[in-house]
Amino acid sequence: MTIKRAEILFTFIVLLLGYSLFIYPQVISDWRTYSFDDGTYSHAYLMPFIIVTLLWQQRNNLELRFHTGYLLAMLSVAAILAVSITAQQVSILRLLFPLYVILLFCTLVRPSLALVVPLALLWFISPVWGSLTAPLQYISVVITKFIMQLTHIPVYVDGNFIQIPQGVFEIAEGCSGLRYFIVSLALSTLLCHLHLRKLKNMLLLTFCAVIGAILVNGVRIVLIILIGYYSDMQSSIVKDHNMFGWFLYIPFIVVLFYLVGKLEPHPASEDKPYATQRLAAMPLALVIGASLLASGISIKLLMGQYPVLDFSPVELTTTNKDQTPSPYIPAYSRKAHNVRHLSGVEVIDISYQFDGRHDANRADYYLNNMIPQGWNKVSSDVTNNSRLIWLSDHSGNNAILQYWYEANGQKTGSVGVYKRNRIKQALQLNAKSSLHWQFIRCSSLRCQDEANLLRQLLNE
């Protein structure tokens with residue numbers, strides 16, 4: 001295959017990018033469900049256009065070259081992705097898929113910043129940044145508390161709650177400033193790639209972008225509190241302040257662009273004339289064939305999961321309409337509900353089966369809630385094969401529930417052990433698992449009799 005023009009090479013690169021996404025439909029459905037929203041990852045809509053634009057601008061600097069070492073590295077990452085997909089370790093899939101794409105490209109195209117940086121922007125689409133929410137929440141509370149102490153307004157801080165005489169403000173996950181943090185990091189990456197050449201300038205710009213995003217979010221929270229104080233909590237900004245932060249963040253972006261111009265006013269150009277390039281058909285067929293065999297589509301075929309090309313977002317049950325005490329499990333494959341009476345005690349027994357067809361179809365999905373609506377957790381205990389939770393409601397009634405996960409033929413009440421069991425059975429291309437949940441209202445002291453009954457049921 002001979003490529004004589006840069007435009008043809010660019011088309012080949014874009015097709016290769018589309019192919020890498022196409023063979024992993026799990027990634028596309030994951031992005032549609034969690035990334036392309038109107039919240040933390042709302043910038044995801046722009047990223048594909050930015051990636052393609054950057055590749056177009058650097059098309060003259062890309063060179064075709066087959067590299068066996070990168071092919072082996074790509075297949076190694078593909079093997080890890082195969083296990084993570086089967087075991088439903090979604091965090092690994094989100095973290096490693098951009099690396100897989102980069103290695104796939106480096107197998108056929110000579111590695112360079114013109115290639116790697118645009119593809120690395122895929123990390124800013126994938127929802128892998130959630131672990132930063134808690135630290136950013138804490139930093140936001142610290143900044144808000146410090147600034148509010150400089151005012152005459154009395155403030156009481158309790159965890160993530162900030163109380164003033166007019167009301168209480170909660171610095172929730174959406175107020176952590178994660179969206180500004182991600183956008184600033186992505187923007188600084190772009191500016192460093194396009195305009196800066198010195199490492200110290202890149203580090204300085206990135207530092208200013210990240211620190212500035214955190215400070216802007218802190219100022220946003222303080223202004224909302226001040227508006228609530230002076231308007232006696234009647235301002236519409238207090239109730240809906242989603243857009244308010246962007247009006248503060250946009251001027252900061254202007255300052256960031258100004259800083260780039262001051263650091264390096266005249267960046268050097270690395271454009272060079274395009275030369276005719278050739279890529280043999282055998283390496284191309286080898287790369288496409290090997291990646292396809294190790295892809296998510298092949299894994300779904302081997303596991304018998306249909307439809308193979310499923311790009312639809314995950315649909316979740318939003319409410320639990322059942323008045324009988326039960327857990328909230330928004331996605332599952334099959335459910336068996338049974339109420340039986342043993343020794344004069346009513347036992348609610350519910351079993352959920354999971355086929356692992358999508359991210360939410362698993363027992364440890366983050367939205368799953370084992371505590372029935374209207375009940376509160378008092379204490380819990382993890383046994384060898386299950387977890388017991390003692391409950392109470394607002395009327396002073398007591399209850400006890402038991403649940404356990406089952407995968408690879410092993411019962412456990414520990415999420416960590418359950419995940420390890422899923423990885424073990426993933427090597428057998430088996431993604432099926434189950435969750436068993438039992439509930440009893442208590443009449444004995446501290447639910448001792450009911451707890452003993454549940455332990456007996458576990459061994460049946």
Side-chain angles (χ1 to χ4, degrees), residues 34-45 127 129-185 187 209-256 316 318-321 328 330 366-367 369 371-377 392-395:
Y34 303 102
S35 294
F36 290 82
D37 59 7
D38 192 31
T40 302
Y41 296 91
S42 54
H43 62 278
Y45 287 103
W129 305 88
S131 59
L132 297 177
T133 300
L136 290 175
Q137 276 182 285
Y138 175 77
I139 295 174
S140 298
V141 171
V142 172
I143 294 175
T144 303
K145 182 179 179 181
F146 174 77
I147 298 178
M148 290 302 298
Q149 288 177 344
L150 302 178
T151 68
H152 66 281
I153 302 174
V155 176
Y156 174 73
V157 179
D158 182 15
N160 293 334
F161 293 89
I162 299 177
Q163 183 175 353
I164 62 174
Q166 280 69 21
V168 179
F169 295 84
E170 179 187 4
I171 302 181
E173 292 184 358
C175 299
S176 64
L178 181 61
R179 66 186 67 180
Y180 307 124
F181 180 90
I182 300 174
V183 171
S184 292
L185 200 57
L187 183 60
V210 170
I211 298 300
I214 294 174
L215 292 177
V216 166
N217 185 62
V219 172
R220 178 185 71 91
I221 296 173
V222 171
L223 290 179
I224 293 172
I225 295 175
L226 293 177
I227 292 172
Y229 176 80
Y230 288 108
S231 67
D232 197 22
M233 306 296 285
Q234 299 303 311
S235 174
S236 60
I237 294 179
V238 176
K239 299 178 182 179
D240 184 10
H241 49 263
N242 186 40
M243 291 297 299
F244 179 68
W246 292 111
F247 289 107
L248 300 176
Y249 185 73
I250 291 175
F252 166 71
I253 293 178
V254 175
V255 173
L256 207 61
L316 303 177
T318 56
T319 58
N320 185 6
K321 299 180 181 180
Y328 172 62
Y366 78 101
L367 287 180
N369 187 7
I371 309 299
Q373 186 175 2
W375 293 86
N376 299 309
K377 176 181 175 182
S392 66
D393 63 8
H394 297 295
S395 301

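Only this structure's heavy atoms are used, side chains among them; waters, hydrogens and symmetry mates stay out.
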Find out whether Arg179 and Asn217 are in side-chain contact, i.e. whether some heavy atom of one side chain is under 4.5 Å from a heavy atom of the other.
no
Main-chain N/O of Gln373 paired to Tyr328 side chain as donor or acceptor, under 3.5 Å:
no
Interatomic distance, Ile171 atom CD1 to Ile221 atom CD1 [nearest 0.5 angstrom]:
4.0 Å
Less than 4.5 Å apart, any side-chain heavy atom of Phe169 and any of Met233?
yes
Does a side-chain heavy-atom distance below 4.5 Å link Ile153 with Ile225?
no
Please report the shortest heavy-atom distance between Gly159 and Val157, naming the atom on each side.
O-CG1, 3.9 Å
Heavy-atom nearest pair, Leu367 first then Pro330, reads CB-CG, 4.1 Å
For Thr144 and Gly218, the nearest pair of non-hydrogen atoms, with its separation, is OG1-O, 4.2 Å
Show the numbers, then the answer: is there a side chain to side chain contact (heavy atoms under 4.5 Å, CB included) between Leu248 and Leu223?
CA-CA 10 Å; Leu248 300 176; Leu223 290 179; 3.9 Å; yes
How close do Tyr180 and Tyr249 get, heavy atom to heavy atom, and via which atoms?
O-OH, 3.6 Å
Contact summary for Ser184 and Ala213, nearest pair of heavy atoms
OG-CB, 3.2 Å
From Ile162 CD1 over to Lys145 NZ, what is the distance, rounded to the nearest 0.5 angstrom?
9.5 Å
Donor-acceptor pair, distance only, cut-off 3.5 Å: does the side chain of Thr133 make one with the backbone of Gly130?
yes
Any chance you could measure Leu226, atom CG, to Ile164, atom CD1, to the nearest 0.5 Å?
8.0 Å
Evaluate Leu185 against Trp129 for side chain to side chain contact (heavy atoms under 4.5 Å, CB included), listing each step before the verdict.
CA-CA 12 Å; Leu185 200 57; Trp129 305 88; 3.6 Å; yes
How long is the span from the OH atom in Tyr41 to the CD1 atom in Ile182, to the nearest 0.5 Å?
4.5 Å
What heavy-atom pair brings Asp393 and Gly374 nearest, and what distance separates the two atoms?
CB-O, 3.4 Å
What distance do Ile211 atom CD1 and Phe181 atom CZ have between them, rounded to the nearest 0.5 Å?
8.5 Å
